[in-house]
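Below is one structure, written out as structure tokens; the observations come after it.
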Amino acid sequence: MAPFDLSSPMSRSFHARAILGPKLHDQLPNLKVLIVGAGGIGCELLKNVVLAGFGQITLLDLDTIDLSNLNRQFLFRKKDVKQSKAIVAARTASAFNPNVQIKPIHGDVKDPQFDLAWFKGFDVVLNALDNLDARRHVNKMCMAGNIPLVESGTAGYLGQVQPLLKDRTECFDCIPKPTPKNFPVCTIRSTPTQPIHCIVWAKSYLMPQLFGEDEDSTSELDEAEKQGENAQEVANLRREAQAFKSVRAALRSKDKDTSSSAAKMAFQKVFYHDILNLLSMEDMWRFRDKPVPLDFNLIQSDQFILRGQVTSAIDISADSIPRPANEVRGLDGRPNGSPVGSNGSGPSSSTKSGHGLKDQRSLTLRDNLALFALGTERLAARLTTGKEETILFDKDDDDTLDFVTAAANLRSAAYGIPGKSRWEVKEMAGNIIPAIATTNAIISGLIVLQALHLLREAFDSLRNVHAQFKPSAPLSAVKLSLPNPRCGVCRDAYAFLQCDPSRVTLAEVLEDFDDNLHRTLESLNVTKGKFLSIADEDGELEVITLPSARYRESNHPIDGPPMILPDPLPEPGQRVKSITPRPSTPPSMLPRIQKRPAPDGMDEAQPAKRARIAASSNSSPRTSRRLEEDGLILIDGDESVDEDIVVID
Amino acid sequence: MSFNESQSQDIEGATTAIQSQPDSKTRRYDRQLRLWAATGQSALESARVLVIGASATATSILKNLVLPGIGHFTLLDHATVSPADAGNNFFLQGTTSIGRNRAEEAVRLLSELNDNVDACADTRNIADVLASDPSYFLGFSLIITHNLSPVLLTRLADLLWENPSSTPLIPVRSAGFLADFFVQFHTHEIIESHSETSPSLRIDKPFPALLQAARALDFDTMDSTDHGHIPYVYLLVRTLDDWKATHNGLPPQTHADKQNFKSILAAQKRTPDQENFEEAIAQAYRAWTPTVVRPHLVELFNDVTLPSTPFGHLLAALRSFSERPPHVLPLSATLPDMKSDTESYVRLQNLYRAQAAEEREQFRALLPVPLENELVELFVKNAHGVQLLRGARYGALDTAPAKLIMYLDNLTRETATHLALSAWMHSELREHVLTLIPGTELGKKEFSDAFGEIVRAPAADLPNVAAFLGGMVAQESIKMITKQYIPINGYCVVDLVDTWTGVLES
């Protein structure tokens, strides 16, 4: 056989060249690609990007490897558990082709060092993320920097790939995304009616109260009061929160007697005294089932009577509330109202079947009591050894999952709500989305193909693709939509602001628009990696957004100008009028992004602004809402400082 | 009383007995168990898969079967690793693998993905094995080939098709950005189809205990709390019963009837936003949508050749069950969530459970042979979605010109791409297609596109196409192995130039 000639047509790059054509293929080794996320999609994607011939790859992920990743994140092995995903993935993939440069970063894409200047160093960005927040952040950076982006996601058998390019396609935020479901504070704290209410209570209230940072959770209650929730109830909840102090102290006590009684103390407080206290508010229970205070000792000796039944005969899990255990385990292993998979079908195995999994079995009231005590003790032990100062819920941390499972089920029992198995609690509390290798493989293959279309500027070939798991049509691919003219992210004009935020004042940046404010950007929290948005109060013009970044020249002199703005400054586009009618505003207040702000009429502007926010909140995320979320600066007609939004005139 | 040490030990003991924390295998597979559950996982772990050809596509498919934990795989390939292989197959050790056997190199790297999977490289030539040891192929539960030559593929497909055990075969073909794959099987039984339709609550045909309970409620004496917590099932059953009494025993028929029915429900509210009545109005369609046996089941029941497998017996019993009045499937014990107080909900749930248990026993009595309880329960629970698929022989479509001509009219790009792939490896693409469909007009754009791609990138196993196919084919394999979900029935045709997939049903 002839010696292997790597330069022959059958060389390593033969296939890559065939796919891309010689021109793009020859560029690939010099193209810089950023992969955000080294999880299920990220691992597949890294492999594909290496095989496609990209030469300079940056891989960023803040997460570490967990055992439950190994059913799909194929660049990781059991021995890698708890190590950085980015670093291990880069190491495994580098072995395939040493000529490819893979730079791993163990970090958060939202960290300030990853500012616009950093993003602009990439030719294309590929998202392999699992959360909305980071997706929106990367989208905004790519819109600001005009960088091609391919967005993706999978959930069980379903997946999506969407190429995004400023001005040419929709951006990620052009279509509003559903926000995670929120429950009213009082439902969680006083009047739960569903298992999820008790799980949220255990995970987001009880856990932080006992094991989290020592802080008054008054802001949440202030908010509840503002929202018009029952004032008496809120006052009561305030007292309840105060009373956690002694339990917290016991949990952290090095004195053995105190600490060993801490679990019981916690139990007595939340499942006995707090419930008694709530019962004293008779109005609350006029139209509701009353909760029952739980008795630690009686439950432990199987003598507790809950709603007319002795608890030794009670199995609170699986289906419904107190019923004889033999009946609960009867017919149908599928719990009532159990969570379903993303495509509407959940696991169908019966808990009583021989294949049943240990943590899918249902727990009796006594089991839950024992699990609560044990979980509390374990968590307390972790605090007292001093290794951890606070412990928050983590679905992969068994102690916290045990604690939350038991606490949620005990609370459910008190309120006559069906219990849940540990397996179900994990899914509900951990927002677990089923994930498999196959869907990630399908999606990652498509991501690179769409990225290549973007790089070749073959815009007609771009597709928004869904893997939809239908036997008759496995994929659905549609041409891309144009930007939503009312999008608060990609319709903004962006001006790159290179500056030293400790020296630049807002006034200097805005000298064309404003002349009163002399606080530095730093003091306003506009440091690098942040955006400064200049909004036209009257909604006539699009927003100008200034992404703040370090100087592009690495040796910018210390006494050099504190900021550099592009010349000429971008003109904001004319905003598409909102269809929603809003109070008309005097013409004198119009364009203030022009030379001088209008001197008057500002007080009247306020109601108009509020009306606009309210009217637009369920369409695309308008700038005003986005600003509130991001804590940025809104130039507006009022001098008040409202939380994170700096409003100036 | 304080919480003393002995209590603490008790609790430690009790919790050890609870053993709520899952073992490491369950944790590893957590995210997939939430889809196919322990039954699916155990099917995967008993599977023995043979993959023929250690190409980039084949190893991509295998990767996606090794990760979720199939029991065993064999990779059969006698070829040695070429430089092109080294550049596009991630499961080779780069240039170090060049010159070594492809199967052995790939198996070594694939095995690293999951310790629980038993792996084997077979370096024999498939042509020799087919000639000398055909029974070898029958020892597998699934066989996948990638770009196997048409002659060998036909020989393998025939061998499997003609054997009664009928190991399913998935031939995959790809050239450049084009690909197709097919699943050859005789019959495929699916109990857990994960149907998106939920079973009927039988509002229109209430069983006696349900009707009685609905009638027995005394709305007038209820206080407003109780009235606000009557489950909508009762509200519908009762309102429908009243309706039928004044409408010759018929449910609402016309649009006007249906609106009228909803207003009758609305009129019973005590407050304008009474949730349980709102639910009843939203679910009112259940009152006039008859509970019937779904068409795909009727079709199955009319099939006289039900297999004499446990599944066949279960289907036969289901047919007998549905032939008796009230002509429905056994009741499901699962109730959806609804506005209710706990007590009423539990009472209602108990009614459904008791009736479901009774009907399950009636069903069991109809079984021609006794079967284990677990299987019967699983079947009854999923009865409304069970499927018995009948497959086709690989290549049958290519020998049916009439069907091809019909497909060419309706599914032009899918058919043209499929034919181009069938003609591939024959020196004259167009002439080969003409032998399949004599007299076909090959001037269509769809043909020139497909031929053009095949000529441009013959046999080029493009990494991203391989990754995509790896996901698609492994997914179909998992459906076949677990007997859950409904597989693609026919040729799945893929074009990643224009990004589409299509299905040519067999």
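Just so it is clear, the values below take in all heavy atoms, side chains as well, and ignore hydrogens, waters and symmetry mates. Throughout, protein chains are lettered first and strands after them, A, B, ... in sequence-line order, and every chain is numbered starting at 1.
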- Query: Where does the angle between the aromatic ring planes of A:Phe74 and B:Phe91 fall among parallel (under 30°), tilted (30 to 60°) and perpendicular (over 60°)?
  - Reply: tilted

- Where do A:Ile436 and B:Ile478 land on the side chain to side chain contact (heavy atoms under 4.5 Å, CB included) test, with the steps shown first? CA-CA 11 Å; A:Ile436 45 176; B:Ile478 291 170; over 6 Å; no

Measuring from atom [atom1] of [X] to atom [atom2] of [Y], what distance do you get when rounded to the nearest 0.5 angstrom?
{"X": "B:Thr499", "Y": "A:Leu475", "atom1": "OG1", "atom2": "CG", "result": "8.5 Å"}
{"X": "A:Leu70", "Y": "B:Arg28", "atom1": "CG", "atom2": "CZ", "result": "4.5 Å"}
{"X": "B:Phe468", "Y": "A:Leu449", "atom1": "CZ", "atom2": "CG", "result": "9.0 Å"}
{"X": "A:Asp66", "Y": "B:Arg31", "atom1": "CG", "atom2": "CZ", "result": "7.0 Å"}
{"X": "B:Leu33", "Y": "A:Trp423", "atom1": "CG", "atom2": "CH2", "result": "4.5 Å"}
{"X": "B:Gln32", "Y": "A:Thr438", "atom1": "CD", "atom2": "OG1", "result": "9.0 Å"}

- Message: Before you tell me yes or no, could you show the steps for A:Thr193 and B:Lys339 under side chain to side chain contact (heavy atoms under 4.5 Å, CB included), namely the whole-Å CA-CA distance, both residues' side-chain angles and the distance that decides it to 0.1 Å?
- Response: CA-CA 10 Å; A:Thr193 56; B:Lys339 177 77 182 174; over 6 Å; no

State, yes or no, whether a side-chain contact exists between [X] and [Y] at a heavy-atom distance under 4.5 Å.
{"X": "A:Arg77", "Y": "B:Leu113", "value": "yes"}
{"X": "B:Leu92", "Y": "A:Phe96", "value": "no"}
{"X": "A:Leu67", "Y": "B:Ser24", "value": "yes"}
{"X": "B:Val503", "Y": "A:Pro474", "value": "yes"}

- Message: So which residue, A:Thr405, A:Val448, A:Ile432, A:Val465, ends up with the most heavy-atom pairs under 4.5 Å with chain B?
- Response: A:Ile432

- Who wins among A:Ala473, A:Ala458, A:Ala435, A:Ser461 for the most heavy-atom pairs under 4.5 Å with chain B? A:Ala435

Tell me, for [X] versus chain A, whether the close heavy atoms (under 4.5 Å) come from the side chain, the backbone, both or neither.
{"X": "B:Ser224", "value": "side chain"}
{"X": "B:Asn373", "value": "neither"}
{"X": "B:Gln475", "value": "both"}
{"X": "B:Leu109", "value": "neither"}

Please classify the contact between [X] and chain B as side chain, backbone, both or neither, with a heavy-atom cut-off of under 4.5 Å.
{"X": "A:Lys395", "result": "side chain"}
{"X": "A:Asp289", "result": "side chain"}
{"X": "A:Leu75", "result": "side chain"}
{"X": "A:Asp460", "result": "neither"}
{"X": "A:Ser68", "result": "both"}
{"X": "A:Arg72", "result": "both"}

- With a 4.0 Å cut-off, would you call B:Asp30 and A:Lys426 a salt bridge? yes

- Message: Tell me whether B:Glu112 is salt-bridged to A:Lys78, with the criterion being a basic N under 4.0 Å from an acidic carboxylate O.
- Response: no

- Message: If you count heavy-atom pairs within less than 4.5 Å of chain A, which of B:His229, B:Glu476, B:Gln93, B:Lys63 leads?
- Response: B:Lys63

- Note on the structure: With chain A, the option among B:Asn114, B:Asn489, B:Asn89 that has the most non-hydrogen atom pairs under 4.5 Å is B:Asn89

I need the minimum non-hydrogen distance between [X] and [Y], along with the two atoms involved.
{"X": "B:Asn64", "Y": "A:Ala441", "result": "ND2-CB, 3.5 Å"}
{"X": "A:Ala52", "Y": "B:Asn464", "result": "CB-ND2, 3.8 Å"}
{"X": "A:Pro471", "Y": "B:Ile486", "result": "CG-O, 3.4 Å"}
{"X": "A:Gly445", "Y": "B:Ala467", "result": "CA-CB, 4.3 Å"}

- Message: For the CD atom on A:Gln468, are there more than 12 heavy atoms of other groups (residues, nucleotides or ligands in this structure) within a distance under 6.0 Å?
- Response: yes

- Message: Looking at B:Trp500, I'd like to know if the NZ or CZ of A:Arg463 sits under 6.0 Å from its six-membered ring centre while staying within 45 degrees of the ring's axis.
- Response: no

- Query: Has B:Lys479 got its NZ or CZ under 6.0 Å from the middle of the six-membered ring of A:Phe469, at an angle within 45 degrees of the ring axis?
  - Reply: yes

